[in-house]
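One structure is given here, and the rest of the page talks about it.
Order of the sequence lines fixes the chain letters, A, B, ..., with proteins taken first and strands second; residue numbering starts at 1 for each chain.
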Number of protein chains: 2
Amino acid sequence: MKNKELKEQRIKGYYIQAAKEILVGEGIKSLSVRSVSERAGYSYTTIYNYFEDLNDLIFYCVQDFYQECSDFVNGESKGTESGLTIIESKIMQYIKYFVNYPSVFELFFIERVVNFGNKIQTIELITDSLKNILQKDWDQLVAQKEMRQADVMKVQHRLQLTVTGLLLFYIHRRTPAEYGEFMRTAKQEIDAIIFPES
Amino acid sequence: MKNKELKEQRIKGYYIQAAKEILVGEGIKSLSVRSVSERAGYSYTTIYNYFEDLNDLIFYCVQDFYQECSDFVNGESKGTESGLTIIESKIMQYIKYFVNYPSVFELFFIERVVNFGNKIQTIELITDSLKNILQKDWDQLVAQKEMRQADVMKVQHRLQLTVTGLLLFYIHRRTPAEYGEFMRTAKQEIDAIIFPES
DNA sequence: AAATAAATTTAACACTGTTAATTTTTTTAA
DNA sequence: TTAAAAAAATTAACAGTGTTAAATTTATTT
(Lines give C-alpha, C1' and ligand atoms only; values in the text may rest on other atoms or scores of the structure.)
Protein backbone atom coordinates (compact mmCIF):
# COMPACT_ATOMS: atom_id res chain seq x y z
CA MET A 1 0.00 0.00 0.00
CA LYS A 2 2.10 2.91 -1.15
CA ASN A 3 -1.12 4.93 -1.19
CA LYS A 4 -0.96 4.95 2.59
CA GLU A 5 2.59 6.20 2.65
CA LEU A 6 1.80 8.90 0.13
CA LYS A 7 -1.05 10.07 2.34
CA GLU A 8 1.24 10.12 5.34
CA GLN A 9 3.83 12.16 3.50
CA ARG A 10 1.18 14.65 2.47
CA ILE A 11 -0.03 15.16 6.02
CA LYS A 12 3.54 15.52 7.26
CA GLY A 13 3.90 18.17 4.58
CA TYR A 14 0.94 20.08 5.95
CA TYR A 15 2.58 20.20 9.36
CA ILE A 16 5.96 21.19 7.96
CA GLN A 17 4.41 23.92 5.86
CA ALA A 18 2.45 25.23 8.83
CA ALA A 19 5.52 25.18 11.04
CA LYS A 20 7.62 27.01 8.45
CA GLU A 21 4.97 29.70 8.10
CA ILE A 22 4.87 30.26 11.84
CA LEU A 23 8.66 30.29 12.11
CA VAL A 24 9.09 32.83 9.32
CA GLY A 25 6.10 34.94 10.30
CA GLU A 26 6.12 35.00 14.08
CA GLY A 27 9.34 33.29 15.13
CA ILE A 28 10.13 30.20 17.10
CA LYS A 29 8.64 31.60 20.29
CA SER A 30 5.22 31.29 18.66
CA LEU A 31 5.75 27.75 17.43
CA SER A 32 3.90 25.38 19.73
CA VAL A 33 2.24 22.02 19.31
CA ARG A 34 -1.10 23.77 19.55
CA SER A 35 -0.36 26.61 17.13
CA VAL A 36 1.11 24.42 14.41
CA SER A 37 -1.66 21.86 14.79
CA GLU A 38 -4.35 24.47 14.43
CA ARG A 39 -2.71 25.88 11.31
CA ALA A 40 -2.31 22.40 9.85
CA GLY A 41 -5.99 21.76 10.50
CA TYR A 42 -5.75 19.04 13.12
CA SER A 43 -6.35 18.65 16.80
CA TYR A 44 -3.41 19.29 19.08
CA THR A 45 -2.21 15.72 19.55
CA THR A 46 -2.64 14.29 16.07
CA ILE A 47 0.84 15.58 15.37
CA TYR A 48 2.26 12.77 17.48
CA ASN A 49 1.03 10.26 14.92
CA TYR A 50 3.35 11.80 12.35
CA PHE A 51 6.28 13.21 14.30
CA GLU A 52 8.18 11.92 17.28
CA ASP A 53 7.85 15.25 19.00
CA LEU A 54 8.01 18.95 18.24
CA ASN A 55 11.78 18.85 17.75
CA ASP A 56 11.35 16.18 15.11
CA LEU A 57 9.06 18.47 13.14
CA ILE A 58 11.46 21.36 13.53
CA PHE A 59 14.23 19.24 12.05
CA TYR A 60 12.25 18.78 8.87
CA CYS A 61 11.84 22.55 8.69
CA VAL A 62 15.58 23.00 9.12
CA GLN A 63 16.28 20.74 6.16
CA ASP A 64 13.78 22.65 4.05
CA PHE A 65 15.28 25.98 5.03
CA TYR A 66 18.76 24.73 4.25
CA GLN A 67 17.66 23.88 0.74
CA GLU A 68 15.98 27.27 0.35
CA CYS A 69 19.11 29.02 1.53
CA SER A 70 21.27 27.02 -0.85
CA ASP A 71 18.96 27.84 -3.74
CA PHE A 72 18.95 31.49 -2.76
CA VAL A 73 22.75 31.60 -2.81
CA ASN A 74 23.40 29.45 -5.87
CA GLY A 75 20.20 30.17 -7.75
CA GLU A 76 21.14 33.25 -9.68
CA SER A 77 24.55 32.57 -11.17
CA LYS A 78 26.12 35.94 -11.75
CA GLY A 79 27.69 34.80 -15.01
CA THR A 80 31.27 35.56 -15.90
CA GLU A 81 32.90 36.71 -12.72
CA SER A 82 36.18 35.31 -11.47
CA GLY A 83 36.34 32.64 -8.78
CA LEU A 84 36.89 34.54 -5.57
CA THR A 85 34.68 37.41 -6.64
CA ILE A 86 31.71 35.15 -7.25
CA ILE A 87 32.38 33.42 -3.93
CA GLU A 88 32.30 36.74 -2.15
CA SER A 89 29.01 37.76 -3.72
CA LYS A 90 27.57 34.38 -2.79
CA ILE A 91 28.64 34.86 0.80
CA MET A 92 26.84 38.19 0.80
CA GLN A 93 23.76 36.39 -0.53
CA TYR A 94 24.12 33.88 2.32
CA ILE A 95 24.17 36.75 4.78
CA LYS A 96 21.15 38.38 3.14
CA TYR A 97 19.15 35.17 3.44
CA PHE A 98 19.51 35.13 7.21
CA VAL A 99 18.90 38.85 7.49
CA ASN A 100 15.64 38.28 5.63
CA TYR A 101 14.76 35.25 7.72
CA PRO A 102 16.22 35.84 11.18
CA SER A 103 14.14 32.99 12.59
CA VAL A 104 16.03 30.61 10.34
CA PHE A 105 19.31 31.94 11.71
CA GLU A 106 18.06 31.24 15.21
CA LEU A 107 17.03 27.76 14.18
CA PHE A 108 20.41 27.05 12.60
CA PHE A 109 22.83 28.55 15.12
CA ILE A 110 21.04 29.67 18.26
CA GLU A 111 18.43 27.10 19.14
CA ARG A 112 19.58 24.58 21.68
CA VAL A 113 19.40 21.20 20.05
CA VAL A 114 18.22 18.43 22.33
CA ASN A 115 17.68 14.82 21.38
CA PHE A 116 20.52 14.70 18.91
CA GLY A 117 20.21 11.01 18.15
CA ASN A 118 19.88 10.41 14.44
CA LYS A 119 19.87 14.09 13.64
CA ILE A 120 23.59 14.69 14.01
CA GLN A 121 24.04 14.71 10.25
CA THR A 122 21.52 17.51 9.90
CA ILE A 123 23.26 19.45 12.65
CA GLU A 124 26.55 19.17 10.82
CA LEU A 125 24.83 20.11 7.58
CA ILE A 126 23.72 23.43 8.98
CA THR A 127 26.73 24.30 11.13
CA ASP A 128 28.84 23.82 8.00
CA SER A 129 26.16 25.28 5.74
CA LEU A 130 28.31 28.12 4.39
CA LYS A 131 31.05 25.68 3.47
CA ASN A 132 28.64 23.13 2.02
CA ILE A 133 26.74 25.64 -0.07
CA LEU A 134 29.93 27.00 -1.62
CA GLN A 135 31.83 23.72 -1.86
CA LYS A 136 31.67 23.48 -5.65
CA ASP A 137 33.09 26.97 -6.07
CA TRP A 138 35.98 26.21 -3.72
CA ASP A 139 36.69 22.91 -5.45
CA GLN A 140 36.80 24.67 -8.78
CA LEU A 141 39.30 27.15 -7.38
CA VAL A 142 41.55 24.32 -6.27
CA ALA A 143 41.15 22.50 -9.59
CA GLN A 144 42.24 25.62 -11.44
CA LYS A 145 45.21 25.88 -9.07
CA GLU A 146 44.21 29.39 -8.00
CA MET A 147 44.37 28.32 -4.35
CA ARG A 148 45.84 25.43 -2.44
CA GLN A 149 43.51 22.98 -0.70
CA ALA A 150 45.02 23.73 2.72
CA ASP A 151 44.51 27.45 2.30
CA VAL A 152 40.94 26.93 1.16
CA MET A 153 40.14 24.96 4.31
CA LYS A 154 41.66 27.64 6.51
CA VAL A 155 39.69 30.36 4.73
CA GLN A 156 36.48 28.32 4.93
CA HIS A 157 36.83 27.99 8.67
CA ARG A 158 37.69 31.64 9.10
CA LEU A 159 34.67 32.66 7.05
CA GLN A 160 32.41 30.39 9.08
CA LEU A 161 33.51 32.02 12.34
CA THR A 162 33.34 35.57 11.07
CA VAL A 163 30.08 35.35 9.12
CA THR A 164 28.30 33.60 11.97
CA GLY A 165 29.70 36.13 14.41
CA LEU A 166 28.57 39.01 12.24
CA LEU A 167 25.05 37.58 11.97
CA LEU A 168 24.90 36.74 15.66
CA PHE A 169 25.62 40.30 16.71
CA TYR A 170 23.46 41.92 14.05
CA ILE A 171 20.40 39.70 14.27
CA HIS A 172 20.56 38.82 17.93
CA ARG A 173 22.04 41.90 19.55
CA ARG A 174 21.31 44.62 16.98
CA THR A 175 24.99 45.47 16.59
CA PRO A 176 25.44 47.44 14.47
CA ALA A 177 22.04 49.09 14.55
CA GLU A 178 21.91 50.05 10.88
CA TYR A 179 21.59 47.58 8.03
CA GLY A 180 23.81 49.60 5.73
CA GLU A 181 26.67 49.71 8.18
CA PHE A 182 26.29 46.03 8.89
CA MET A 183 26.55 45.07 5.23
CA ARG A 184 29.51 47.39 4.77
CA THR A 185 31.54 45.95 7.63
CA ALA A 186 30.49 42.45 6.64
CA LYS A 187 31.93 42.95 3.19
CA GLN A 188 35.09 44.45 4.67
CA GLU A 189 35.67 41.48 6.93
CA ILE A 190 35.02 38.98 4.16
CA ASP A 191 37.38 40.88 1.91
CA ALA A 192 40.11 40.73 4.52
CA ILE A 193 39.74 36.96 4.73
CA ILE A 194 39.57 35.98 1.08
CA PHE A 195 41.97 38.67 -0.19
CA PRO A 196 44.55 38.59 2.62
CA GLU A 197 47.32 40.43 0.80
CA SER A 198 45.55 43.71 0.12
CA MET B 1 14.80 53.80 57.29
CA LYS B 2 17.92 52.60 55.56
CA ASN B 3 17.53 49.45 57.62
CA LYS B 4 14.65 48.51 55.41
CA GLU B 5 16.61 49.03 52.24
CA LEU B 6 19.49 46.99 53.58
CA LYS B 7 17.09 44.16 54.28
CA GLU B 8 15.70 44.37 50.80
CA GLN B 9 19.16 44.25 49.27
CA ARG B 10 19.97 41.19 51.31
CA ILE B 11 16.89 39.33 50.15
CA LYS B 12 17.57 40.30 46.56
CA GLY B 13 21.02 38.86 47.11
CA TYR B 14 19.56 35.55 48.20
CA TYR B 15 17.61 35.32 44.97
CA ILE B 16 20.59 36.33 42.85
CA GLN B 17 22.82 33.81 44.57
CA ALA B 18 20.24 31.06 44.13
CA ALA B 19 19.77 31.92 40.47
CA LYS B 20 23.50 31.94 39.81
CA GLU B 21 23.88 28.54 41.44
CA ILE B 22 21.13 27.07 39.28
CA LEU B 23 22.54 28.68 36.13
CA VAL B 24 26.06 27.39 36.75
CA GLY B 25 24.98 24.00 38.04
CA GLU B 26 22.03 23.00 35.89
CA GLY B 27 21.79 25.62 33.16
CA ILE B 28 19.18 28.13 32.19
CA LYS B 29 16.66 25.46 31.23
CA SER B 30 16.37 24.63 34.93
CA LEU B 31 15.97 28.22 36.08
CA SER B 32 12.31 28.85 36.82
CA VAL B 33 10.42 31.09 39.20
CA ARG B 34 9.62 28.03 41.27
CA SER B 35 13.12 26.54 41.34
CA VAL B 36 14.89 29.76 42.24
CA SER B 37 12.29 30.63 44.85
CA GLU B 38 12.63 27.27 46.54
CA ARG B 39 16.42 27.58 46.67
CA ALA B 40 16.15 31.12 48.00
CA GLY B 41 13.81 29.86 50.71
CA TYR B 42 10.62 31.66 49.73
CA SER B 43 7.31 30.78 48.23
CA TYR B 44 7.03 31.00 44.46
CA THR B 45 5.54 34.48 44.17
CA THR B 46 7.47 36.39 46.79
CA ILE B 47 10.07 37.00 44.09
CA TYR B 48 7.75 39.53 42.46
CA ASN B 49 8.12 41.80 45.48
CA TYR B 50 11.84 42.14 44.73
CA PHE B 51 12.14 41.73 40.97
CA GLU B 52 9.99 42.94 38.12
CA ASP B 53 9.99 39.49 36.61
CA LEU B 54 12.33 36.58 35.98
CA ASN B 55 14.25 38.48 33.31
CA ASP B 56 14.96 41.23 35.78
CA LEU B 57 16.57 38.73 38.13
CA ILE B 58 18.57 37.21 35.30
CA PHE B 59 19.97 40.65 34.46
CA TYR B 60 21.44 40.97 37.93
CA CYS B 61 23.10 37.59 37.42
CA VAL B 62 24.52 38.76 34.12
CA GLN B 63 26.13 41.76 35.76
CA ASP B 64 27.62 39.54 38.47
CA PHE B 65 28.97 37.08 35.90
CA TYR B 66 30.48 39.92 33.89
CA GLN B 67 32.42 41.02 36.95
CA GLU B 68 33.53 37.47 37.66
CA CYS B 69 34.69 37.07 34.09
CA SER B 70 36.59 40.33 34.21
CA ASP B 71 38.28 39.31 37.45
CA PHE B 72 39.13 35.91 36.02
CA VAL B 73 40.80 37.53 33.02
CA ASN B 74 42.54 40.43 34.75
CA GLY B 75 42.98 38.85 38.15
CA GLU B 76 46.30 37.11 37.72
CA SER B 77 48.57 39.62 36.03
CA LYS B 78 51.22 37.61 34.26
CA GLY B 79 53.91 40.10 35.16
CA THR B 80 56.44 41.27 32.65
CA GLU B 81 55.17 40.19 29.28
CA SER B 82 54.94 42.50 26.34
CA GLY B 83 51.71 44.19 25.35
CA LEU B 84 50.24 41.99 22.64
CA THR B 85 51.44 38.79 24.28
CA ILE B 86 49.66 39.56 27.52
CA ILE B 87 46.57 40.52 25.58
CA GLU B 88 46.58 37.19 23.82
CA SER B 89 46.89 35.22 27.03
CA LYS B 90 44.06 37.28 28.49
CA ILE B 91 41.88 36.45 25.52
CA MET B 92 42.62 32.78 26.12
CA GLN B 93 41.55 33.29 29.73
CA TYR B 94 38.35 34.91 28.48
CA ILE B 95 37.70 31.85 26.36
CA LYS B 96 38.45 29.51 29.25
CA TYR B 97 35.96 31.31 31.46
CA PHE B 98 33.09 30.57 29.08
CA VAL B 99 34.28 27.02 28.48
CA ASN B 100 34.13 26.52 32.24
CA TYR B 101 30.74 28.22 32.52
CA PRO B 102 28.88 27.50 29.29
CA SER B 103 25.63 28.67 30.84
CA VAL B 104 27.14 32.12 31.18
CA PHE B 105 28.02 32.11 27.50
CA GLU B 106 24.42 31.28 26.69
CA LEU B 107 23.26 34.07 28.96
CA PHE B 108 25.62 36.57 27.33
CA PHE B 109 25.30 35.73 23.65
CA ILE B 110 22.57 33.20 23.02
CA GLU B 111 19.65 34.05 25.24
CA ARG B 112 16.98 36.07 23.54
CA VAL B 113 16.68 39.31 25.43
CA VAL B 114 13.16 40.59 25.77
CA ASN B 115 12.07 43.71 27.57
CA PHE B 116 15.16 45.69 26.73
CA GLY B 117 14.02 48.91 28.33
CA ASN B 118 16.52 50.18 30.84
CA LYS B 119 18.80 47.20 30.36
CA ILE B 120 20.34 48.28 27.08
CA GLN B 121 23.51 49.39 28.85
CA THR B 122 23.96 45.94 30.31
CA ILE B 123 23.38 44.37 26.91
CA GLU B 124 26.10 46.54 25.44
CA LEU B 125 28.38 45.76 28.37
CA ILE B 126 28.27 42.05 27.65
CA THR B 127 28.22 42.12 23.84
CA ASP B 128 31.37 44.25 24.05
CA SER B 129 32.68 42.35 27.07
CA LEU B 130 35.90 41.21 25.43
CA LYS B 131 36.70 44.76 24.38
CA ASN B 132 35.69 46.24 27.72
CA ILE B 133 37.68 43.76 29.79
CA LEU B 134 40.86 44.39 27.78
CA GLN B 135 40.38 48.11 27.23
CA LYS B 136 43.21 49.19 29.52
CA ASP B 137 45.68 46.94 27.80
CA TRP B 138 44.69 48.28 24.39
CA ASP B 139 44.88 51.87 25.60
CA GLN B 140 48.36 51.25 26.94
CA LEU B 141 49.40 49.87 23.57
CA VAL B 142 48.20 53.04 21.89
CA ALA B 143 49.84 55.25 24.51
CA GLN B 144 53.18 53.52 23.90
CA LYS B 145 52.63 54.01 20.16
CA GLU B 146 52.94 50.29 19.49
CA MET B 147 49.67 50.38 17.58
CA ARG B 148 47.48 53.06 16.05
CA GLN B 149 44.06 53.69 17.50
CA ALA B 150 42.31 52.87 14.24
CA ASP B 151 44.08 49.53 13.96
CA VAL B 152 43.26 48.68 17.55
CA MET B 153 39.56 49.23 16.89
CA LYS B 154 39.65 47.05 13.80
CA VAL B 155 41.44 44.27 15.69
CA GLN B 156 39.03 44.56 18.62
CA HIS B 157 36.07 44.06 16.33
CA ARG B 158 37.71 41.19 14.51
CA LEU B 159 38.51 39.49 17.80
CA GLN B 160 34.95 39.93 19.00
CA LEU B 161 33.55 38.22 15.91
CA THR B 162 36.08 35.40 15.88
CA VAL B 163 36.14 34.62 19.59
CA THR B 164 32.35 34.63 19.84
CA GLY B 165 32.14 32.47 16.73
CA LEU B 166 34.65 30.01 18.14
CA LEU B 167 32.77 29.75 21.42
CA LEU B 168 29.41 29.49 19.69
CA PHE B 169 30.46 26.47 17.64
CA TYR B 170 32.38 24.78 20.43
CA ILE B 171 29.92 25.28 23.27
CA HIS B 172 26.72 25.20 21.31
CA ARG B 173 27.42 22.80 18.47
CA ARG B 174 30.37 20.78 19.81
CA THR B 175 32.60 21.79 16.92
CA PRO B 176 35.37 20.81 17.26
CA ALA B 177 34.57 17.86 19.50
CA GLU B 178 37.85 17.89 21.41
CA TYR B 179 38.88 20.57 23.90
CA GLY B 180 42.53 20.39 22.93
CA GLU B 181 41.85 20.96 19.27
CA PHE B 182 39.48 23.79 20.08
CA MET B 183 42.05 25.64 22.15
CA ARG B 184 44.72 25.08 19.52
CA THR B 185 42.64 26.49 16.67
CA ALA B 186 41.44 29.29 18.91
CA LYS B 187 45.01 30.36 19.57
CA GLN B 188 45.81 30.11 15.88
CA GLU B 189 42.93 32.36 14.89
CA ILE B 190 43.75 34.91 17.56
CA ASP B 191 47.37 34.88 16.50
CA ALA B 192 46.39 35.57 12.93
CA ILE B 193 44.40 38.59 14.03
CA ILE B 194 46.77 40.28 16.45
CA PHE B 195 49.99 39.37 14.61
CA PRO B 196 48.81 39.89 11.01
CA GLU B 197 52.26 40.01 9.40
CA SER B 198 53.51 36.56 10.37
C1' DA C 1 -2.27 45.40 73.57
C1' DA C 2 -4.75 47.28 69.27
C1' DA C 3 -4.49 49.22 64.78
C1' DT C 4 -1.90 49.74 60.75
C1' DA C 5 1.39 48.56 57.41
C1' DA C 6 4.32 45.31 55.20
C1' DA C 7 5.64 40.88 53.75
C1' DT C 8 4.47 36.37 52.41
C1' DT C 9 1.64 32.70 50.88
C1' DT C 10 -2.21 30.25 48.72
C1' DA C 11 -5.38 30.07 44.92
C1' DA C 12 -6.18 30.74 40.32
C1' DC C 13 -5.45 31.51 35.24
C1' DA C 14 -3.61 30.86 30.78
C1' DC C 15 -0.13 28.90 28.70
C1' DT C 16 3.40 24.82 27.43
C1' DG C 17 4.57 19.49 25.80
C1' DT C 18 3.11 14.96 26.14
C1' DT C 19 0.57 10.36 27.36
C1' DA C 20 -3.54 7.45 27.78
C1' DA C 21 -8.10 6.49 26.88
C1' DT C 22 -11.96 7.29 23.90
C1' DT C 23 -14.32 8.28 19.82
C1' DT C 24 -14.57 8.66 14.96
C1' DT C 25 -13.23 7.34 10.44
C1' DT C 26 -11.37 4.22 7.14
C1' DT C 27 -10.29 -0.23 5.49
C1' DT C 28 -10.94 -5.15 5.18
C1' DA C 29 -13.80 -9.52 5.09
C1' DA C 30 -17.95 -12.02 4.51
C1' DT D 1 -23.70 -4.13 1.30
C1' DT D 2 -23.14 -4.89 5.91
C1' DA D 3 -20.05 -6.50 10.16
C1' DA D 4 -15.47 -6.76 12.04
C1' DA D 5 -10.97 -5.02 12.32
C1' DA D 6 -7.63 -1.55 11.87
C1' DA D 7 -6.27 3.06 11.65
C1' DA D 8 -6.66 7.81 12.58
C1' DA D 9 -8.17 11.64 15.21
C1' DT D 10 -9.98 13.66 19.29
C1' DT D 11 -10.90 14.64 24.15
C1' DA D 12 -9.34 14.35 28.83
C1' DA D 13 -5.75 14.62 31.85
C1' DC D 14 -1.11 15.61 33.97
C1' DA D 15 2.90 18.11 35.20
C1' DG D 16 5.20 21.89 34.11
C1' DT D 17 5.78 27.23 33.00
C1' DG D 18 5.11 32.74 34.30
C1' DT D 19 2.18 35.87 36.46
C1' DT D 20 -1.85 38.34 38.99
C1' DA D 21 -5.22 38.86 42.73
C1' DA D 22 -6.90 37.79 47.06
C1' DA D 23 -6.08 35.98 51.63
C1' DT D 24 -3.10 35.34 55.40
C1' DT D 25 0.66 35.88 58.26
C1' DT D 26 4.29 38.79 60.20
C1' DA D 27 6.22 43.16 61.59
C1' DT D 28 5.76 47.95 62.89
C1' DT D 29 3.67 51.71 64.83
C1' DT D 30 0.37 54.05 67.99
Stretch residues 17-35 of chain A: residues that reach within less than 4.0 Å of DNA chain D through a heavy atom: A:Arg34
Can A:Phe105 and A:Tyr101 be said to form a ring pair (Phe, Tyr, Trp, His ring centres under 6.0 Å), step by step? CA-CA 7 Å; A:Phe105 178 76; A:Tyr101 304 108; over 10 Å; no
Distance check needed: [N] [atom2] versus [X] [atom1], whole Å only.
X	N	atom1	atom2	answer
A:Ile58	C:dT16	CD1	C1'	13 Å
B:Leu54	D:dG18	CG	P	6 Å
B:Gln9	C:dA7	CD	P	13 Å
B:Arg10	C:dA7	CZ	C1'	17 Å
A:Asn55	C:dT16	CG	C1'	14 Å
B:Glu8	D:dA27	CD	C1'	16 Å
A:Glu52	C:dT18	CD	P	10 Å
B:Ile11	D:dT26	CD1	P	15 Å

With the threshold set at 4.0 Å, does a side-chain nitrogen-carboxylate oxygen contact exist between A:Arg173 and B:Glu124? no
Salt bridge check, B:Asp151 against B:Arg148: does any charged N sit closer than 4.0 Å to a carboxylate O?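 Salt bridge present between B:Arg148 and B:Asp151.
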Proximity to DNA chain C (any heavy atom under 4.0 Å), residues of residues 36-50 of chain B only: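 Contacting residues: B:Tyr42, B:Ser43, B:Tyr44, B:Thr45, B:Thr46, B:Asn49, B:Tyr50.
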Let's go through A:Phe108 and A:Phe98 carefully: what are the C-alpha distance in whole Å and the side-chain angles of both, what is the deciding distance for ring pair (Phe, Tyr, Trp, His ring centres under 6.0 Å) to 0.1 Å, and is it a yes or a no? CA-CA 10 Å; A:Phe108 277 28; A:Phe98 290 111; 5.7 Å; yes
Determine which pairs satisfy side chain to side chain donor-acceptor pair (under 3.5 Å) with at least one residue from residues 35-45 of chain B, sequence neighbours left out, and list them in order.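 The answer is B:Glu21-B:Arg39, B:Ser32-B:Ser35.
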Residues that A:Phe182 engages under ring-ring contact (aromatic ring centres under 6.0 Å, His included), provided they are two or more places apart: A:Tyr170
side-chain hydrogen bond (donor to acceptor under 3.5 Å, both in side chains) involving A:Tyr94 - partner list, sequence neighbours excluded: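 For A:Tyr94, the residues satisfying side-chain hydrogen bond (donor to acceptor under 3.5 Å, both in side chains) (neighbours in sequence not counted) are A:Ser129.
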Rounded at 0.5 Å granularity, tell me how far CG in B:Leu141 sits from CD1 in B:Ile87.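 Between atom CG of B:Leu141 and atom CD1 of B:Ile87 there are 5.0 Å.
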B:Lys187: salt bridge (Lys or Arg N to Asp or Glu O under 4.0 Å) partners, not counting sequence neighbours: B:Glu88, B:Asp191
